[in-house]
Amino acid sequence: DQGTTSTRSILFSADLKPLTQAQEEFMQHFPASGWVEHDAADLWRTTLSTARAVLSRTDPAQVAAIGITNQRETTILWDRSTGQPLHNAIVWQDRRTASLCTALKEAGLADNTIIVYSADNGYYLGDRGFQGKWSHYEEALRVPMVVYDPRLPKEKRGKVCDDLVLNADLAPTFLDWAGAKRPDGYE
C-alpha cells in the first residue's frame, strides 16, 4: 500500500488473514505554500524494502498473488528510456492548481475544458547545448504531454499513447479541439 506518508506491505493468508507486514515512512516535501511533493525514488525504495522484508518472512514460492494500492491522484512522470523520474511526485494534497479549477467551475467551463501539461524536454533550456535547424525526427522536438479531456467517456480516459508528440503539433491540435479554422498562413 503506497500511502501518503508511508509504504506498507502485508502478507495475507489464503483466507485473507494478515500474517506479517512491514511499514516504512518517507519524507514529505513542501517547496511552496500549499504544494506537496514526494521524491519518487523514496516511493520506489520503500516499496522495494517493505516487500523484501515481508517476503523474507515466508517462502516466496507460496505467494499466490500480489495486489498494489496507491495514492491514485498523485502524479509522477518518468523518462521512458532511463526509467528516472522527471520531477518529484505531485501529491494528491497539492493545491497548486486549485485556483485554476475553482475559476473553471465558477465560469461554468470545468466540464468543457481540456487541460494539457507539456514541457520542454531540456534541449533548448540549455541542458544539452543544441540549437539550429531541425528535422521532425530530432529529439529536441519530442515533448512529454499529459492531456485531461473531461469530454471523453470514462472508458477512454487513462490511456497511454506511444505516438510521437512534436511541439510543432500543439497549436494546430488546440485549434482543432476548439473547432477553430487554422490561419491561412499556418503551415
Side-chain angles (χ1 to χ4, degrees), residues 1-102 104-105 110-111 113-119 121-122 127 142-165:
D1 172 30
Q2 186 68 70
T4 303
T5 60
S6 71
T7 303
R8 181 182 317 271
S9 292
I10 307 170
L11 179 67
F12 291 93
S13 65
D15 59 351
L16 301 179
K17 292 181 182 164
L19 300 176
T20 187
Q21 67 176 329
Q23 183 260 343
E24 191 174 336
E25 292 184 358
F26 48 81
M27 184 178 289
Q28 312 290 302
H29 301 275
F30 306 97
S33 178
W35 292 20
V36 185
E37 298 179 358
H38 291 154
D39 182 334
D42 287 344
L43 301 180
W44 173 244
R45 179 186 50 75
T46 57
T47 299
L48 194 58
S49 66
T50 58
R52 285 179 172 160
V54 166
L55 289 173
S56 72
R57 300 177 198 146
T58 191
D59 175 8
Q62 297 299 311
V63 175
I66 296 174
I68 298 173
T69 64
N70 62 12
Q71 299 172 31
R72 290 169 300 287
E73 294 178 8
T74 294
T75 302
I76 303 173
L77 294 178
W78 303 87
D79 183 309
R80 179 176 296 195
S81 60
T82 67
Q84 297 301 309
L86 297 172
H87 189 275
N88 281 344
I90 307 300
V91 178
W92 65 270
Q93 298 166 310
D94 192 283
R95 304 295 298 158
R96 72 185 78 184
T97 60
S99 61
L100 173 63
C101 294
T102 299
L104 288 170
K105 285 178 186 170
D111 294 332
T113 300
I114 300 170
I115 301 172
V116 177
Y117 295 97
S118 187
N121 64 12
D127 295 350
R142 297 178 189 184
V143 292
M145 181 184 296
V146 177
V147 177
Y148 168 74
D149 187 345
R151 303 168 309 166
L152 286 176
K154 287 187 179 183
E155 64 273 5
K156 291 193 174 186
R157 296 181 190 174
K159 302 290 182 189
V160 175
C161 179
D162 290 330
D163 292 344
L164 183 66
V165 178

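Numbers here are sequence positions counted from 1.
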What do the steps show when you test T5 against E25 for side-chain contact (heavy atoms from CB on, under 4.5 Å), and what is the final call?
CA-CA 6 Å; T5 60; E25 292 184 358; 5.5 Å; no
Shortest non-hydrogen separation from [X] to [Y] and the atoms involved:
X: R57; Y: Q21; result: NH1-O, 2.7 Å
X: A89; Y: L43; result: CB-CD1, 4.4 Å
X: P85; Y: I76; result: CB-CG2, 4.3 Å
X: S9; Y: A51; result: OG-N, 3.2 Å
X: Q93; Y: V36; result: OE1-CG1, 3.7 Å
X: Q28; Y: T4; result: NE2-O, 2.8 Å

Apply side-chain contact (heavy atoms from CB on, under 4.5 Å) to the pair N88 and H38, showing each step before the final yes or no.
CA-CA 6 Å; N88 281 344; H38 291 154; over 6 Å; no
Listed by chain and number, what are the side chain to side chain contact (heavy atoms under 4.5 Å, CB included) partners of R95, not counting sequence neighbours?
A98
Examine distances only and state if a side-chain atom of R151 and a backbone atom of I114 form a donor-acceptor pair shorter than 3.5 Å.
no
Separation between [atom1] of [X] and [atom2] of [Y], rounded to the nearest 0.5 Å:
X: K105; Y: T113; atom1: NZ; atom2: OG1; result: 12.0 Å
X: R45; Y: T50; atom1: CZ; atom2: OG1; result: 10.0 Å
X: L55; Y: I66; atom1: CG; atom2: CD1; result: 7.0 Å
X: T20; Y: F12; atom1: OG1; atom2: CZ; result: 11.0 Å

For atom CG of D59, is the number of surrounding heavy atoms from other residues, nucleotides or ligands below 6.0 Å larger than 12?
yes
Contact check, side chains of T7 and F26, non-hydrogen atoms, under 4.5 Å:
yes
Do Q2 and T74 touch side chain to side chain, with heavy atoms closer than 4.5 Å?
no
Is there a donor in the side chain of Q23 and an acceptor in the side chain of S6, or the other way round, less than 3.5 Å apart?
yes
